[in-house]
Structures are given as structure tokens and as C-alpha cells.
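One-based numbering, in listed order, for ligands and for the atoms of each.
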Amino acid sequence: MVDRAHKPSAISPSAGGPKPSVHSERDRVIATLPTGDSVEVLTYGATVVSWKSNGKENLWLSSAAKLDGSKPVRGGIPVVFPCFGPPPKDHATGKLPQHGFARNSTWEYMGKSSSESGKLASGGDDAVTMDFGLSTQQLSDEARQAWSYKFDLIYSVTLGRDGLQTMLRVQNKGSESFEFQMLLHTYFKVDNVSKTQINGLGSTSYSDKVLNASEQTQTDPTIRINGEVDRVYKSIKQNTTSILQDGQPQLDVIRDNLEDTVVWNPWIEKAKSMADFEPNDGYKNMVCVEVGAVNGWQKLDPGDTFEGGQIVKSHL
Ligand SMILES: O=P(O)(O)OC[C@H]1O[C@H](O)[C@H](O)[C@@H](O)[C@@H]1O
């Protein structure tokens, strides 16, 4: 059971008018605003699998994604912790699978809080937050043996009229320090990736995992996708990465206390090689813009807490 005592108490929404609603099903929790905007979160991986605003789905989810807990979800927002990518063998995370254990562990739904105080609730609009917890005791024996530190994670998913906020709080509950990476592996849905532009990463240095080349610099302020892209942008100065479609702003991804962003599109061959990536040409309708702390390691001393995440705003 994750300790929620340090969380601020719920703030009542403004009086009058319809309120957001939250209902839980066997394997997921769904929040809906009076406007019809909604967000759906599986307890498996605390994976956000749908976020709709203005009647439109903002997240890409493979039609072959496994939602039954047998495999991390291909799409939505998988949570990556405590390592990104295949961990280095000589690191404390070295025995864990690619992207760690958070995305394939079952989290506890800790309840909702309504608020008008969040960053999404400007102008007195109601917002609703759902908290999910994962701690050492909930891990599989395999994961706990591979990484034996004591921790609490609280993942807070807030839906507001202005957008979606997802924040991960990491607490060291043990008596020794540990190192971790974290990332929110968001699959955004786009109409046509060939006409998608990504702005806000200009003049930033990155590692190109396709070319296996580190220390590259993004000279063009706009990234266009016309082939496989797998880049880790590091120590980014500006907080907002924007996704444009046909030259029109579609989404803003705002980093909160995180300095890195991965841009990924598997393109034709890699998409075909992933059994859970369907349809095969689904790469045309998605781009991953993944905020995180993945450049080196975050060190967390006993009792300390780290919090980072994103606010995503849709312009459509
Ligand atoms: O197949 P997965 O383990 O979900 O990883 C999917 C992708 O995640 C990130 O974007 C990495 O940068 C990619 O190298 C990786 O291929």
C-alpha cells in the first residue's frame, strides 16, 4: 500500500454546475468532464490508454495492443521506470527488462481528488485527478529480486478542460540511495506523420539511436518525420515541445521538472517487426514525444522525493 499521507487534501470544486465523474471498472478507471472530455487509465502499468478532448482521441493505441497484463501496452502512455531502454549490465538496474518494471506491473488505484487549483484549472474550471500507486511490495518476485530497493511511486493523472497532466512522484522508502531514470512514453495520434512537424527542440543536443551516433545537434528548429526516428534530446532549455499537423498547432507537450525528450517513430520495417503494432501502417498515424529524465541517472537519497511529468494541451 503506497503511503498517500503526504498528498495535499482534496480541494472542493467550485460550487454549482455539473462535476467531473470518475468510475472504476475491473481493470481501469475512467474520468469524464461535463464537457465530454475523458481519460481512461488501466491499472496495468497505470497506462493511460485514451484521452479525448473536443470529441477527438489524442493518443494512438495499437489495435493489437495487449490490455490484459500479458505485455506492456503498445500505445497510450506507458510509464517507464526505473530504467530507460535496455539497462547497462553494470548498473543496479542491469537485470531489469527494457524500460523497467512500472509499465508491466499492476498499480493500485488510490482514488480521486477534484481540484480547481491545478495548473490545468485556470479560470476556475474543474479538474479531476486520479492517483495510482506502486510500491516494492506490489512488484513481481522477479522484478523485486532484480531491483531490490524500497520505493513508492505515485502517478497522478489530472484531466482538466485545458488538457491532461501526468505526474510521477518517486520516493525512496529505504535506507540506501538508488539511481533511476523515468519517462512518459506518450504515443500521440496524428493524421499524417509525413505532414507532422515537431518544434521546440532546436539547438538541442541529442543521441541518434538509429544512426548509433551521440552528440548530435538539432540545427533545424523543426523536426519532420520521413523515416525511422529514435532520438534522445537532452538538457532541453525550453519547456514546450509542439506538434503541428499541416502547419497548424495540434498539441503542446510541456515538461515539468524534466529535461529530456525522446522522439520516436518506428517507420515501415520496425513497425512490421513488432507483433503488437497494428495496423502495420499505423506508424503513419503516430509519433512518440516522450518526456523524461534519461540522460544519466537521478540519484535519490533515503526519504527523498523526486517529481516530474508533463502537461499536454490540445489545440483542436
Ligand atoms: O518496444 P518498446 O520496448 O516498447 O520500446 C519502444 C521504443 O521506446 C523508445 O522510444 C526507445 O527510444 C526506442 O528505442 C524503442 O524502440
For the residue pair [Y] / [X], report whether a side-chain donor-acceptor contact shorter than 3.5 Å exists.
X	Y	answer
D252	T240	no
D301	S177	yes
E179	H91	yes
E215	S205	no

Please compare R74, M274, R231 and report which has the shortest non-hydrogen distance to atom 1 (O) of ligand 1.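 Looking at heavy atoms only, the winner is R74.
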Just to be sure I'm reading this right: ignoring hydrogens, which of Q98, R103, H185 gets closest to atom 4 (O) of ligand 1? Compare them by their nearest heavy atoms.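 Shortest heavy-atom distance from atom 4 (O) of ligand 1: R103.
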Among all protein heavy atoms in this structure, tell me which lies nearest to [atom], with the distance rounded to 0.1 Å.
atom	value
atom 10 (O) of ligand 1	E290 OE2, 2.8 Å
atom 16 (O) of ligand 1	K270 NZ, 2.9 Å
atom 14 (O) of ligand 1	D230 OD2, 2.5 Å
atom 11 (C) of ligand 1	K209 NZ, 3.5 Å

Please state whether the rings of W147 and F101 are parallel, tilted or perpendicular, taking 30° and 60° as the class boundaries.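 Plane angle between 30° and 60°, so tilted.
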Taking the inter-plane angle between the rings of W264 and H185 on a 0 to 90° scale, is it parallel (under 30°), tilted (30 to 60°) or perpendicular (over 60°)?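 Rings of W264 and H185: perpendicular, as their planes differ by over 60°.
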Proximity to ligand 1 by part of E228, non-hydrogen separation under 4.0 Å: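 Neither; nothing of E228 gets under 4.0 Å from ligand 1.
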